[in-house]
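The structure appears below as structure tokens.
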Amino acid sequence: MEANERTGRSADTERRLKMSATLKLTHKAIGVEVRRGTYDAVVDGERVGSVEMNDTTEIPIEAGHHSLQVRNGRNLSRILSFDAAESQVVAFRCTGKRFLPIFLVSFVVPRLALSLRPQ
């Protein structure tokens with residue numbers, strides 16, 4: 001009996017599962033964070049999930065080259081590019097906590113409002 005007959009999955013589904021990676025996104029701040037709430041995770045220009053404050057989410061993605069941005073209303077992070085290999089977990093941390101000068105400028109330049117960093 002073949003593997004996909006045992007699991008009930010098609011060969012195409014099996015191939016996609018084997019070629020997937022995981023995006024791990026953590027929304028964590030130490031101290032007071034003014035920009036609270038849920039952040040949307042945007043991979044390659046498409047919303048793929050969200051993460052609550054002080055929480056972590058894992059989102060399945062295809063292996064390959066991607067771009068990532070987090071959003072909360074008009075507040076954005078910069079766009080980061082990353083590569084994900086098969087079965088790899090790629091981790092990022094996001095927060096709305098910024099140094100005061102950047103925080104003030106972010107009211108005019110919303111893409112500076114949220115911080116996104118690889119872990």
Side-chain angles (χ1 to χ4, degrees):
M1 184 183 271
E2 289 186 25
N4 50 356
E5 286 178 8
R6 281 181 268 143
T7 63
R9 296 179 181 144
S10 70
D12 186 48
T13 302
E14 288 287 332
R15 191 167 32 262
R16 273 187 271 140
L17 289 173
K18 289 179 184 174
M19 294 181 59
S20 67
T22 303
L23 171 63
K24 182 177 176 183
L25 188 60
T26 302
H27 178 184
K28 182 86 173 160
I30 298 170
V32 178
E33 183 172 322
V34 175
R35 294 184 173 113
R36 298 171 177 251
T38 303
Y39 292 176
D40 291 327
V42 179
V43 175
D44 300 330
E46 189 174 317
R47 185 185 176 280
V48 294
S50 61
V51 61
E52 299 282 336
M53 175 128 174
N54 296 321
D55 201 6
T56 298
T57 188
E58 291 188 359
I59 301 164
I61 57 172
E62 290 182 16
H65 186 75
H66 299 282
S67 63
L68 172 65
Q69 182 178 49
V70 290
R71 296 180 181 173
N72 177 291
R74 74 181 285 271
N75 298 318
L76 311 166
S77 70
R78 62 191 173 115
I79 297 172
L80 295 181
S81 294
F82 67 96
D83 291 308
E86 280 185 48
S87 303
Q88 181 183 14
V89 176
V90 182
F92 288 89
R93 178 180 172 167
C94 58
T95 183
K97 191 168 184 170
R98 305 292 277 175
F99 293 108
L100 184 59
I102 294 173
F103 175 76
L104 295 174
V105 171
S106 72
F107 287 98
V108 179
V109 185
R111 72 177 173 359
L112 297 176
L114 305 177
S115 172
L116 178 65
R117 296 188 177 150
Q119 278 190 316

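Predicted model only: the values in this text are computed from it and were never measured.
Note that OH of Tyr39 and CD of Glu52 are 11.0 Å apart. Values are rounded to the nearest 0.5 Å. For the atom pair NE2 of His27 and OG of Ser50, the computed distance is 11.5 Å after rounding to the nearest 0.5 Å. Taking CD from Gln88 and CG from Leu23, the interatomic distance works out to 10.5 Å, rounded to the nearest 0.5 Å. One distance of note links OG1 of Thr56 with NZ of Lys24; it measures 6.0 Å at 0.5 Å rounding. In this structure, NE2 on His66 lies 8.5 Å from CG on Asp83, to the nearest 0.5 angstrom.
For the pair Arg71 and Asp40, the salt-bridge criterion is not met [side-chain N within less than 4.0 Å of a carboxylate O].
Between Arg78 and Gln69 there is no side-chain heavy-atom pair separated by less than 4.5 Å. Within the 4.5 Å cutoff, the side chain of Val48 has no heavy atoms near those of the Ile61 side chain. Between Ser81 and His65, the closest side-chain pair of non-hydrogen atoms falls below 4.5 Å.
For Ser67 against Gly45, the heavy-atom pair with the smallest separation is OG-N, 4.4 Å. Minimum heavy-atom separation, Ala21 to Ala84: CB-CB, 3.8 Å.
A donor-acceptor pair is defined here as one N or O able to donate and one able to accept, closer than 3.5 Å; no such pair exists between the side chain of Asn54 and the backbone of Lys28.
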Check the pair Leu25, Leu116 against side chain to side chain contact (heavy atoms under 4.5 Å, CB included), reporting the backbone distance first and the verdict last. CA-CA 9 Å; Leu25 188 60; Leu116 178 65; 4.0 Å; yes

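In this model, no donor atom of one side chain and acceptor atom of the other lie less than 3.5 Å apart for Glu58 and Thr22.
Within 6.0 Å of CD on Gln119 lie more than 12 heavy atoms contributed by other residues, nucleotides or ligands.
When the side chains of ILVMFWY residues are joined at heavy-atom separations under 4.5 Å, either directly or via intervening members, Phe92 and Leu76 end up in two distinct hydrophobic clusters. Two different hydrophobic clusters hold Val42 and Leu80 under the rule that ILVMFWY side chains link at heavy-atom gaps under 4.5 Å.
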